[in-house]
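First the structure, in the form of C-alpha cells, and then the observations on it.
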Amino acid sequence: MGAIKKFMYINRTAPYGSIYSLEGLEVALIGAAFDQDVSMAFVDDGVFQLKKGQDTSKSGMKNFSLAYSALGDYDITKLYVEKESLQARGLTVEDLMPLTYEDQDDDYQEKPSIRVVDSEQLADIIAEQDVLLNY
Amino acid sequence: MGAIKKFMYINRTAPYGSIYSLEGLEVALIGAAFDQDVSMAFVDDGVFQLKKGQDTSKSGMKNFSLAYSALGDYDITKLYVEKESLQARGLTVEDLMPLTYEDQDDDYQEKPSIRVVDSEQLADIIAEQDVLLNY
Amino acid sequence: MLHTVNKSPFQKNSFDTSLRLSRKGSDILLIEDAVYAALKDSAIAKTVKQAVTTHSIYVLEPDLMARGLQPARLIKGIQIVGYEGFVELAVKNDKVQSWL
Amino acid sequence: MLHTVNKSPFQKNSFDTSLRLSRKGSDILLIEDAVYAALKDSAIAKTVKQAVTTHSIYVLEPDLMARGLQPARLIKGIQIVGYEGFVELAVKNDKVQSWL
Amino acid sequence: MKFGIVINEGPYQHQSSDTAYHFTKAALAAGHTIVRVFYYHDGVNNGNNLATPPQDDRDIVKRWSALSKEHNLDLVVCVAAAQRRGIVDADQAKRSGKHAENLADGFRISGLGQLIETGIEADRLMVFGD
Amino acid sequence: MKFGIVINEGPYQHQSSDTAYHFTKAALAAGHTIVRVFYYHDGVNNGNNLATPPQDDRDIVKRWSALSKEHNLDLVVCVAAAQRRGIVDADQAKRSGKHAENLADGFRISGLGQLIETGIEADRLMVFGD
C-alpha cells in the first residue's frame, strides 16, 4: 500500500449528547491495526470526552470513557487538546483522565498521552496531516 | 375535545441544510384542519425560511418555499418574525416573501401575514401559547 | 412556563435564544449537552450567573453525572433535579417550550 | 489545505473554529447552511471581511441559490464555485478538513 | 395529568430518544398518563425492528416496545416521515410494493393529524429532538 | 485522482448525502476515480431500500444505487453502525435472527477497516456529515 499516512481524528463533540464520539473512538481503535501514523485532536466540546469521573448509571447509556485508557495500548499516544477550548469551558488538564502510554523507545517508561497545545500549534499540526476524520 | 388551544410552530432552522423546516411546514398545513388558534414564529436561522427567490434547480432538492404562500388559505395568518434575528443576518422584511391573507372580518381585504416583532414582544406571545412545536 | 435546552452553549445558540425569548421568572431546565452551561469559570459563566438572578435554572442530574460534572463545579443558585424533578417541573408549569 | 464548513455561523461554532484552526493562506469553502456566512451586513460580517484578507474564501453556488442569496448580497472577495469548482479545490489542495 | 411525547431523532445518534424514554417512565411512575408517543423526522427510526445493538448497550427499539406493552402506550410513527426513511408496516409494504416490513412491536403508523390531536388532548406536550 | 467519500448522516434529515452525491457525480464527470463511498453513523440509513419518498422529491437511496451501477462504485455500509440502526443484508439478517433484509442494490456491509483503507488508498478523503 505504500507509505505510511498521517491520520488525525478530530473530536469536536461532547459525549452522550450524540454518538459521534463513541463511534469515532471505535474508528480509532480499529484503525490502530493498520500501522499508520495516528493522532487525535480534542477541540471545542470534544475536550469534554476526556473529562474524569463519567458515570452513566442514572442515564442508562453506555459508559465508554474507560476505552480512552486503552488508546495507549493501541499505540495511539498523541492526544492533542486545544488549550483555548479547555479555558473557554473552565477546565484544566487536571480535569481530564490521566491517559498514558509506555514509551518503547525509552525503556517502556509511562508517559502522558495528552498534550495541551494552543490554537496556532494545533493549526500547524492539522496542516501536516494526510487524512482527517471528524467526530 | 373542549376549548380551542393556541398552537405555535417555532421555526429556528434554515431551509435545505436540514429537513426540519419542510416537515415542520407539513405539520402546520395538516394542523390547519383542526380549527385551533395557530401561529408561527421565525427566529434565529428560521427567518431564512421566508427568504425570497429560493431556487433549488442546481442542488436537486425539493423547493418547498412556495408552500408558505398557501398558509393564508389555510387560515394561518399570524407569522411572527423576530426583528433581532433579521438584523443579525443583515436582512430586512423586504428580503422576505410577501405573504398575505384575505381578512374575512374586513371585507376579504388582502393583508400581510408577516408581523415583525422584537424579542420582548415575541417572548410575551410565546408565553401565551398552549402547545409549542419546534422546527 | 418551562423552557428546556439540550444543546451545549459553547457549540450552538439554543441557550442564548432561550434566555432572549423567555420571560423573567421562567423556569429553564438544562438537559443533555446543555448541562455544560452550568459550569463555573467558563467563558459564558457571567451570562449564566446573570440568568440565575432573573430565571430559575435547573440542571438534570443524570446528564451531569454522565458527563463527569460534580455539583461543586456548578454556578451557585442552579438547582439539580432528576427525571422525577423534570416531570414535576413540567406539571408545575402550564406549558413547555423545548429549545433544541 | 482546503477547509469546508457546512453549518450556519449564526447557529453553530464550526465557522469560528475553522478560522481558528486553519493556517493563513488556506482555502475555506462554505457549503450548505454555511453559505450564510458570506452575507453582507450581518452581525458577523466584520469577522468574515477580515478572514477574506487572510484566507481564500469560496461559497457553493447551488447552496446560495437554494437559499435565495444573490451574488450582490455577498461580502466582496468571496468567490463563487459550483460542484465542479468544489472538486477542483479538493484536487488543488493536498488535503481536506471538514468542519461540521 | 396527561402528557404527550414527541421524539424527533432516531436512536443512538442523538440522546433525544433516551431522554424521552426516561421522562416517560418517570411520568408513568408518578401516576401520570401518556396520551401518545409520536415519532417524527428521523424519530421514526426508533420503530425499526431490524436493529441489533451491541449486547453491552441498551436496546432502544425493544425498550420502547416493552414500555408500550407494560403500560399500553400508543406509539405512533408519522407515515410521511416513515415513508421517506424506509419504516413500513405490513400494510404500507404492500401499498408501496416493498418486500418486507420492519415496524417494531407496539408501534403503529399514522398521519400527522395524530400529532395535532396529541397536542389538543394532552395537558403538556413534551418535544425531544436535536 | 482517487477520491474517498464518507457520509455520516442519513438521507433527507440533513443535506450531507445530497452534497456528497453531487460532489461524487462532479468528480466522476471530471474523470476522477471514487475509491469507495463509506456510510457511517446515521449515514447507513442511505442504504435502506424500504424508503418510498414522495414522487415530487428526489429518491436518495435509489440515486446512490443507480450511480453505483453506472460507475461500478463500491458503496460500503459500516456493519457496527448498521446493526445499531437496523440496516441488514441477507447474511446479517440470518446471523441476527431477523425476518428480513433491507439493504439497497449496490450497497454492501463491511467493517470499519474499509474506512481506514479508503483513507490509505484515496488521494483525498472527503467527509460529509452534520
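Protein chains get the first letters and strands the later ones, always in sequence-line order, with residue 1 at the start of each. All values below come from the heavy atoms of this structure, side chains included, with hydrogens, waters and symmetry mates left out.
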By a 4.5 Å heavy-atom criterion (distance strictly below it), what part of [X] contacts chain C: side chain, backbone, both, or neither?
X: A:Asn63; result: neither
X: A:Gln87; result: backbone
X: A:Ser57; result: side chain
X: A:Lys51; result: side chain

Top contributor to chain A interface from C:Lys7, C:Glu32, C:Gln11 [non-hydrogen pairs under 4.5 Å]: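 Heavy-atom pairs under 4.5 Å are most numerous for C:Gln11.
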
Quick test of your reading of the model: are [X] and [Y] salt-bridged, counting only N-O distances below 4.0 Å?
X: A:Lys5; Y: A:Asp130; result: no
X: A:Asp95; Y: A:Arg89; result: no
X: C:Arg67; Y: C:Asp63; result: yes

Tell me every residue that passes side chain to side chain donor-acceptor pair (under 3.5 Å) with A:Asp106, counting only those two or more places apart in sequence or in another chain.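 Counting only residues at least two positions away or on another chain, A:Asp106 forms a side chain to side chain donor-acceptor pair (under 3.5 Å) with A:Lys111.
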
Please list, chain by chain and in numerical order, all residues satisfying ring pair (Phe, Tyr, Trp, His ring centres under 6.0 Å) with C:Tyr36, sequence neighbours excluded.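 Testing C:Tyr36 for ring pair (Phe, Tyr, Trp, His ring centres under 6.0 Å), a comparison that skips the adjacent residues, returns A:Phe48.
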
